[in-house]
Protein chains: 2
Amino acid sequence: MNNYTIKDIARIAGVGVTTVSRVLNNGYGVSKETRAKVMEVIEKCNYIPNSNAKHLKQVTSQIVCIIVKGTYNPFFHDMVVELQKCVEAEGYIPLVSYIDEDENEIRCANQLIKEKKAQGIIFLGGSAVDKEEELHKLNSPCVYATSSASDCNVSGVSSVSIDDCLEARRAVTYLLDSGHKNILVVGGAIYQKDLMYNRYQGVLEAFEERGMHFDKKNMYIESKFSYAAAYESMSSFLKLNKPITAVFAMSDVMAIGIAKCVIDHGLKVPEDISIIGFDGIEQAWFYNPTITTIKQPSVEIAKKSVALLIKTIRDKAFSQHLTVSGKLLKGNSVKVMS
Amino acid sequence: MNNYTIKDIARIAGVGVTTVSRVLNNGYGVSKETRAKVMEVIEKCNYIPNSNAKHLKQVTSQIVCIIVKGTYNPFFHDMVVELQKCVEAEGYIPLVSYIDEDENEIRCANQLIKEKKAQGIIFLGGSAVDKEEELHKLNSPCVYATSSASDCNVSGVSSVSIDDCLEARRAVTYLLDSGHKNILVVGGAIYQKDLMYNRYQGVLEAFEERGMHFDKKNMYIESKFSYAAAYESMSSFLKLNKPITAVFAMSDVMAIGIAKCVIDHGLKVPEDISIIGFDGIEQAWFYNPTITTIKQPSVEIAKKSVALLIKTIRDKAFSQHLTVSGKLLKGNSVKVMS
DNA sequence: TTGTATGCGTTATCAA
DNA sequence: TTGATAACGCATACAA
């Protein structure tokens with residue numbers, strides 16, 4: 001394919017390289033005729049500017065990066081779609097980067113800021129816990145979407161999230177209200193101050209509120225966030241023959257894996273075992289039965305995240321932590337006992 | 001955060017920039033002591049090379065790009081995971097690029113080859129039909145994974161795919177063998193020589209083989225590839241009250257949307273309406289009931305695609321088009337009548 | 001084994 | 001409104 005450079009275009013169009021650059025970047029100060037002439041050559045040659053050179057030299061851009069941690073999370077997919085829309089609506093260019101679970105998102109952000117001259121970062125997945133120093137060094141506008149950074153007191157760093165503790169409590173309370181007492185909880189590994197930790201606290205609170213005790217040893221199982229892992233965890237649990245009537249899964253993906261496992265064991269959802277999930281992804285809605293879940297308001301989180309980021313881009317010292325409300329989405333996976 | 005350049009590192013370590021460059025690129029010709037000293041400074045400064053500058057200057061790389069067309073396709077997700085593994089196993093660095101449905105993948109490939117000095121491209125989604133000229137101009141090793149490019153006679157361009165016609169025929173034949181006669185087919189828009197076109201041909205063949213006629217006008221409905229779109233299409237169809245006992249959906253995502261729709265209408269899968277899907281994604285396997293489907297051998301396709309690409313990188317004129325076999329994965333969504 | 005100098009393709013500065 | 005030229009940070013040819 002062609003390998004035209006800006007110099008070639010300039011030569012062919014009979015103008016200077018600066019003029020071509022101006023045309024490309026919608027810069028002003030180019031006459032209509034010159035612009036038309038240059039555009040024609042660009043089209044004809046099918047010229048594509050080299051973004052390496054562009055970003056190497058460029059000192060600013062209109063780029064906002066969305067860094068997604070965890071290669072496959074259906075909930076994040078919904079979020080990415082919404083975030084892109086919002087970023088574009090603000091006149092910025094969204095740049096989505098998917099990184100592995102074990103990569104350092106702040107390091108990645110730093111690189112994108114230096115190399116692409118990104119004006120701000122939105123983190124999806126990943127946590128601001130114990131990262132004050134790194135974030136301080138980053139010294140750039142960033143927003144944690146769907147996870148709270150309120151404990152992280154760094155200027156320029158904001159967050160928009162649900163109250164994980166409250167929402168998990170909402171889920172478990174709904175099960176308790178529906179007459180369930182033997183409730184299994186399936187979640188991820190619990191680290192201090194972690195998102196999973198908060199959801200777990202919500203479980204405890206829901207029980208305590210009723211003067212009941214949650215038996216973590218027997219009724220909490222840890223699983224990875226995949227259909228297959230949740231299926232396996234549930235399968236092992238069922239072999240123990242412990243009497244349960246309901247499961248709270250800390251993600252919808254887990255909820256679906258668990259539902260399938262229950263069904264494969266000849267039990268019925270929700271007649272024998274009720275299931276409530278978390279996140280509110282499309283797959284849960286289309287599952288059979290529809291999975292009752294706590295919906296995170298993805299559109300609202302996306303809108304507010306971008307709004308905060310824009311504010312921070314304008315005022316580097318800005319910082320705000322918003323909590324939005326989740327919603328119990330009733331499906332058909334929870335049996336209400338009378 | 002730091003903004004060290006290679007010059008800073010060289011200065012601090014008391015060596016020349018070339019030496020630092022050598023250390024960074026695992027180049028030989030650096031003494032152990034010098035290397036250790038340089039590495040220490042790099043670590044201490046947390047230095048990250050600027051990839052713009054790197055790629056701008058670099059004339060070659062070990063990068064293989066995977067260009068994924070269509071932002072959300074669970075089947076492609078499985079493929080990407082496998083492809084990445086294979087590329088890494090060959091000692092190359094996989095670089096995944098997600099592009100929109102309406103973007104030009106060859107233009108994107110061209111850019112990545114120029115800017116990242118990518119040695120080869122794997123296309124996922126997108127088609128080689130009527131793109132001989134563009135691919136010829138691209139003049140680089142590329143492989144179409146999951147869609148055939150056998151009609152596209154360009155050296156350096158290979159492909160690995162199933163025989164869409166044959167596999168669709170396999171699906172419909174299975175329905176016919178199971179005693180179904182009134183079969184609804186749900187697929188995408190059909191263009192000449194397209195993947196959907198081939199699957200549609202398979203449908204026709206399956207019917208013809210039995211001396212039957214497929215009534216496209218009444219029994220083919222077009223839908224987008226999403227749960228919601230398939231649900232809606234099916235919902236409209238059900239209102240017509242046409243007698244059907246089975247549905248062949250040209251993707252698993254569609255199959256799930258259709259299944260949910262059927263269930264929501266108070267009908268049972270497979271007792272009232274049987275459903276067979278296509279692709280073999282995890283979600284179909286975990287659905288209730290498990291969706292019977294035609295599984296594309298993603299691991300095999302990934303392995304062979306990468307193998308072909310490596311061959312082409314070594315011999316630019318190489319070109320081969322492989323057809324792999326799909327497999328009927330029996331779930332519980334098809335009723336077998338006796 | 002090591003260092004110096006050049007240029008990759010672009011944007012930014014400055015002068016015309 | 002235009003163009004010549006100097007960076008941007010790095011890899012590479014070549015010299016030492």
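Just so we're on the same page: letters track the sequence lines, and every chain starts at 1.
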For a salt bridge (Lys or Arg N to Asp or Glu O under 4.0 Å) check, start with the C-alpha distance between B/Glu300 and B/Lys304, then their side-chain angles and the critical distance, and finish with the verdict. CA-CA 6 Å; B/Glu300 185 185 0; B/Lys304 292 191 170 164; 2.8 Å; yes
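- For the pair B/Tyr47 and D/dC10, the criterion of a side-chain N or O lying under 4.0 Å from OP1 or OP2 is met.
- For the pair B/Ile67 and B/Leu112, the minimum side-chain heavy-atom distance is below 4.5 Å.
- Between B/Asn25 and D/dA11 there is a side-chain N or O to OP1 or OP2 distance below 4.0 Å.
- Crowding of A/Asn104 atom CG: a count of heavy atoms from other residues, nucleotides or ligands under 6.0 Å exceeding 12.
- Distances from the side chain of A/Gln58 to the nucleotides D/dA11, D/dT12, C/dA12 place C/dA12 closest.
- Residue contacts for A/Thr18: at a heavy-atom cut-off of 4.0 Å it reaches a base atom on one of the strands shown.
- Listed nucleotides: C/dG9, D/dC10, D/dT2. Nearest to the side chain of B/Ala53: D/dC10.
- Note on A/Lys57: every side-chain N or O is 4.0 Å or more away from OP1 and OP2 of C/dA12.
- Ring geometry, A/Tyr98 versus B/Tyr98: the interplanar angle falls from 30° to 60°, so the pair is classed tilted.
- Looking at the side chain of B/Thr19, the nearest of the listed nucleotides D/dC10, D/dT2, C/dT2 is C/dT2.
- The CG atom of B/Leu56 sits 12 Å away from the P atom of D/dT12 (whole-angstrom rounding).
- Atom CD in A/Gln111 sits roughly 14 Å away from atom P in D/dG9 (whole-Å rounding).
- Atom CG of A/Asn153 is surrounded by 12 or fewer heavy atoms from other residues, nucleotides or ligands within 6.0 Å.
- Ring-centre distance between B/Tyr144 and B/Phe123: below the 6.0 Å cut-off.
- Distance, A/Lys7 NZ to D/dT5 P: 11 Å, rounded to whole Å.
- The side chain of B/Lys54 sits closest to D/dC10 out of D/dC10, D/dT1, C/dT2.
- Each of A/Leu24 and B/Lys32 lies near DNA chain C, and the nucleotide nearest B/Lys32 is the one positioned closer to the 5' end.
- Within 4.0 Å of B/Thr34, counting heavy atoms only, lie sugar-phosphate atoms of the nucleic acid but no base atom.
- Contact annotation for B/Asn52: no contact, since no heavy-atom pair falls under 4.0 Å across all strands.
- Following rounding to the nearest Å, A/Ile6 (CD1) and C/dG7 (P) show an atom-to-atom distance of 19 Å.
- Atoms CZ (B/Arg11) and P (D/dG9) sit 13 Å apart, rounded to a whole Å.
- Rounded to a whole Å, the NE2 atom of A/His55 is 11 Å from the P atom of C/dA12.
- Atom CG in B/Asn50 sits about 14 Å away from atom C1' in D/dA7, given to the nearest Å.
- For B/Arg22 and C/dT2, a side-chain-to-base donor-acceptor distance below 3.5 Å is present, hydrogens and geometry of angles not being considered.
- Checking the phosphate oxygens (OP1, OP2) of C/dT10, no side-chain nitrogen or oxygen of A/Ser21 falls inside 4.0 Å.
- Rounded to whole Å, atom P of C/dG9 lies 15 Å from atom NZ of B/Lys116.
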